Amino acid sequence: MAEMAAAYPRSGGTYTFAKLVMTVRAAFAVGWVVWFASIVAAVLYALGFGAFMVAIIQALWVDAPPWVGNRWMTSGLALGATAVYTFLLTRQTGGGGALINVGKVIVFGILIAGGLTIMAGTPLVTLRQGLSPFFHDGWLGVVQAMGYTFIALQGFDLIAAVGGEVRDPERNIPRAMIGSLSIALIIYLPLLFIVTVLGVPAGETIQSYSAAQPETVIALAAQNYLGTFGYWLVLVAGVLSMLSALQANLFAASRMSLAMARDRTLPYRLEQINVNRGTPVTAVLVTAGIVMILLLILPDVATAGAASSLIFLITFALAHLISILMRQRTTQPRHTFRSPGYPFTPAVGMVACLGLAAFQSVNVPAAGGITLLWLGFGGMLFLTLFARRAEAVDAAAEALDPNLLRLRGRNPLVLVPIANPANAASLVLVANALAPTAVGRVLLLAIVNQPDETNGDKQMQAVATRLENSQRVLNQSLTAALNLGLSPEALTTIAPNPWREIARVAQTHSCESLLLGLGQLPDMSTSPELLDLINHLTTDVIMVRPPYEGWDVTQVKRVLVPIGGQSQHDALRARLLTSLWRTAVPDINFLQILPANTPAATQQRTEKALIRYAREETNGEPTATVICTADVTRTIIEQAHQHDLVILGLQQAGRRRRVLGDISRAVAQQTEAGLILISRRN
């Protein structure tokens, strides 16, 4: 975690790291689990606070009625503490809690120092009796205890969750993580040892004592060796510990949902920041709302602790896997913190976390059930509500930062069949924008049409002539590309049917995109081979109609993007637009046309949503235009005259069928702007 957070100090923790090396769908699953892990941890600490407060009330109120100690009293106190910290987190940007942490360390220090003083005068045989039997339930009991108590040591990952708000992150994040874990162990281990050997009454073991008093065992043990003063010290320390941990997890969970909302793997409203205070109020409120619901559902602290530990074990196993992928795919040497013992450390850590998680899910079925329900609910939400926009935002992120493709282990290949060398340079420039040289490849394809002559000599002569012509076209295309500083690959094949050959090459070479040069669209409307190719390929298809020979897409200044009711091309459009912005920085104008009688309020809402969509799909400051008219085609043509390039998606005539619509042909016939038609893979 320290290695990844120091190299990529961004808020979001494991989700952010997953987004760097995995697909957006896998990253959502990781983020969904990590978000829930912090939420359930907050539930645990809220319930813990309630339990300690009940103990304090019962200690102060000698004749307290029975209802003081019931579950609803604990849940009510937990809800109150959650509400208070929710209010504070909506008004302040920092996590806070430094004073509470200092207070906890002082209290624990007194408990440990007092115990060590008493231990010095205690006979060795008495100390040994407190440790016998050492493994009360054998090795399986140790594993079970590890699964339950893992939550107590996971706090260091909250530092990664807010890494984007840490000063000097390359230096401070690793020190904070390792320091926090070390301090926790320095406090926990001596305290637990002292409690075990000094705090248990004669004739009992720590196991039986804990089973009888599971929530206040540490306080009662301290009372046994330090008296009433020790009892109250633990209660005070417990309240402080629960409150600071509750605050930290609410803070981290809200920042996790904020990071996911920015990537549209959660609703965009969660990314809204209060202008005056700089806090993600909606993210805090939604996170706290889920915490409060779970406070009413989970029966006790033990179940909450088991569920939280299980979910964190899963997220940490994923973190180990992500760190391995990140190390393998990072080509440039980094001078930030590096985890020692690679790959042994992450490999062993991943196996250990998965093993503990599996054991915990079987040993505590309620924890496993809660986790499965949350994952199933999240998967349903993502596929139905978030997937489309999340994939568009993710495609734009890949286009803006090509290094992201390398971290994800991708090497996109764009196939460019060449028939006219005059347009080769234009096509290669578009292809290079989609697949930058550093991380992607462009493959120029020349197809020699195999003749039908039955005479062997004539057939060979015809093939040789056509091959010579094809090589000349390919050489001219390569020369044009090299003159532009580009280095595409080239392939020549012989086939009786060019369209089928394009499909075969695209499939054989696992091409991510197919880039076709177009002539006049009226001719294409009668070409069933082209439409058949588009509808059966499993790659993205981009068709370019250059306005003139030698057209340079990197010189485009104004781009028009008409948006219709269909959305299947969002991710491809976002990749193309952001690639163009990265290379040419044009002005990009999104256009949406509404019926002529649309109310003004609807127009305003549409324009607001359109500018949000535009900002999700490209960088810079795109504009949004909403026009109410009855003549859609004429309006688009009028707007196209004011732009250098028009980008349109192919219309959908069925579930897996694309068609060339009237608008596309009209724009090609009646405008002089460049035209790009896109079709997202089926």
Side-chain angles (χ1 to χ4, degrees), residues 426 430 516-527 530-531 534 541-548 551 553 555-570 572-574 576-577 580 584 586-615 617-618 621-654 657-680:
S426 301
V430 176
L516 297 171
L518 299 181
Q520 292 299 314
L521 290 187
D523 299 332
M524 290 173 32
S525 64
T526 59
S527 176
L530 174 62
L531 292 177
I534 294 172
V541 179
I542 301 99
M543 294 173 283
V544 181
R545 197 287 305 268
Y548 52 85
W551 178 67
V553 72
Q555 301 303 312
V556 167
K557 299 301 181 185
R558 289 179 56 79
V559 180
L560 178 66
V561 187
I563 300 293
Q566 298 174 341
S567 58
Q568 65 269 19
H569 305 302
D570 286 7
L572 177 56
R573 184 177 61 230
L576 177 61
L577 285 173
L580 291 177
D587 295 327
I588 299 176
N589 180 27
F590 279 63
L591 171 66
Q592 187 163 0
I593 298 176
L594 300 178
N597 57 352
T598 301
T602 303
Q603 295 181 42
Q604 293 176 356
R605 288 195 302 269
T606 303
E607 185 173 357
K608 186 177 180 180
L610 186 59
I611 191 63
R612 186 179 72 247
Y613 270 43
R615 289 171 177 167
E617 294 190 12
T618 187
E621 287 297 329
T623 57
T625 302
V626 176
I627 299 176
C628 297
T629 180
D631 194 338
V632 176
T633 302
R634 179 174 294 278
T635 302
I636 292 178
I637 291 173
E638 290 174 353
Q639 292 290 318
H641 286 310
Q642 305 172 28
H643 295 78
D644 307 319
L645 174 64
V646 181
I647 298 177
L648 289 168
L650 290 188
Q651 295 180 6
Q652 188 167 359
R657 185 166 172 261
R658 306 280 194 267
V659 296
L660 295 165
D662 295 335
I663 294 177
S664 300
R665 290 196 295 271
V667 171
Q669 292 172 5
Q670 302 178 38
T671 69
E672 296 181 356
L675 177 62
I676 295 181
L677 301 178
I678 59 176
S679 175
R680 175 73 167 159

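Bear in mind that the values here come from a model prediction, so they are computed numbers and not experimental data.
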> Should we say atom CD of Glu672 is surrounded by more than 12 heavy atoms from elsewhere, each under 6.0 Å from it?
Replying inline: no
>> side chain to side chain contact (heavy atoms under 4.5 Å, CB included) for Leu580 and Val556? Distances and angles first, verdict last.
In response: CA-CA 9 Å; Leu580 291 177; Val556 167; over 6 Å; no
> Can you name the closest pair of heavy atoms from Thr606 and Gln592 and give their distance?
Replying inline: CG2-OE1, 3.5 Å
>> Please give me the minimum heavy-atom distance between Ala673 and His643, naming the atom from each residue.
In response: CB-O, 3.5 Å
> Taking atom CG of Leu576 and atom CD1 of Ile676, what is their separation to the nearest 0.5 Å?
Replying inline: 5.0 Å
> Is the closest side-chain heavy-atom distance between Val561 and Thr618 below 4.5 Å?
Replying inline: no
>> What's the separation between atom CD1 in Ile663 and atom OG1 in Thr633, rounded to the nearest 0.5 Å?
In response: 4.5 Å
> With Thr623, which of Ile588, Asn589, Leu591 fulfils side chain to side chain contact (heavy atoms under 4.5 Å, CB included)?
Replying inline: Asn589
>> Quick check: closest heavy atoms across Ile611 and Pro622, and the distance to 0.1 Å?
In response: CD1-O, 3.2 Å
> Would you say Trp551 and Leu645 make side-chain contact, with heavy atoms under 4.5 Å?
Replying inline: yes
>> Is the shortest side-chain heavy-atom distance between Thr625 and Leu560 below 4.5 Å?
In response: no
> Does Glu621 reach the side chain of Arg615, with side-chain heavy atoms less than 4.5 Å apart?
Replying inline: yes
>> Please find the pair of heavy atoms, one from Ser664 and one from Leu677, that lie closest to each other, and give the distance.
In response: OG-CD2, 3.7 Å
>> I need the Leu675 CG to Leu648 CG distance, nearest 0.5 Å.
In response: 6.0 Å
>> Rounded at 0.5 Å granularity, tell me how far CG in Leu577 sits from CD1 in Ile678.
In response: 7.5 Å
>> To check you understand the geometry: which heavy-atom pair defines the closest contact between Ile647 and Pro562, and what is its length?
In response: O-CD, 3.3 Å
> Can you check whether Thr671 reaches His641 side chain to side chain, under 4.5 Å on heavy atoms?
Replying inline: yes
> Around atom CZ of Arg612, are there more than 12 heavy atoms of other residues, nucleotides or ligands at under 6.0 Å?
Replying inline: yes
> Can you name the salt bridge (Lys or Arg N to Asp or Glu O under 4.0 Å) partners of Arg605, sequence neighbours left out?
Replying inline: none
>> With heavy-atom distances below 4.5 Å as the criterion, would you say the side chains of Arg573 and Phe590 are in contact?
In response: yes
> Do Gln604 and Lys608 have side-chain heavy atoms sitting under 4.5 Å apart?
Replying inline: no
>> When you compare the side chain of Leu610 with that of Ile563, does any pair of heavy atoms fall below 4.5 Å?
In response: yes
> What is the minimum heavy-atom distance between Pro586 and Arg558, and which atoms define it?
Replying inline: CB-N, 4.4 Å
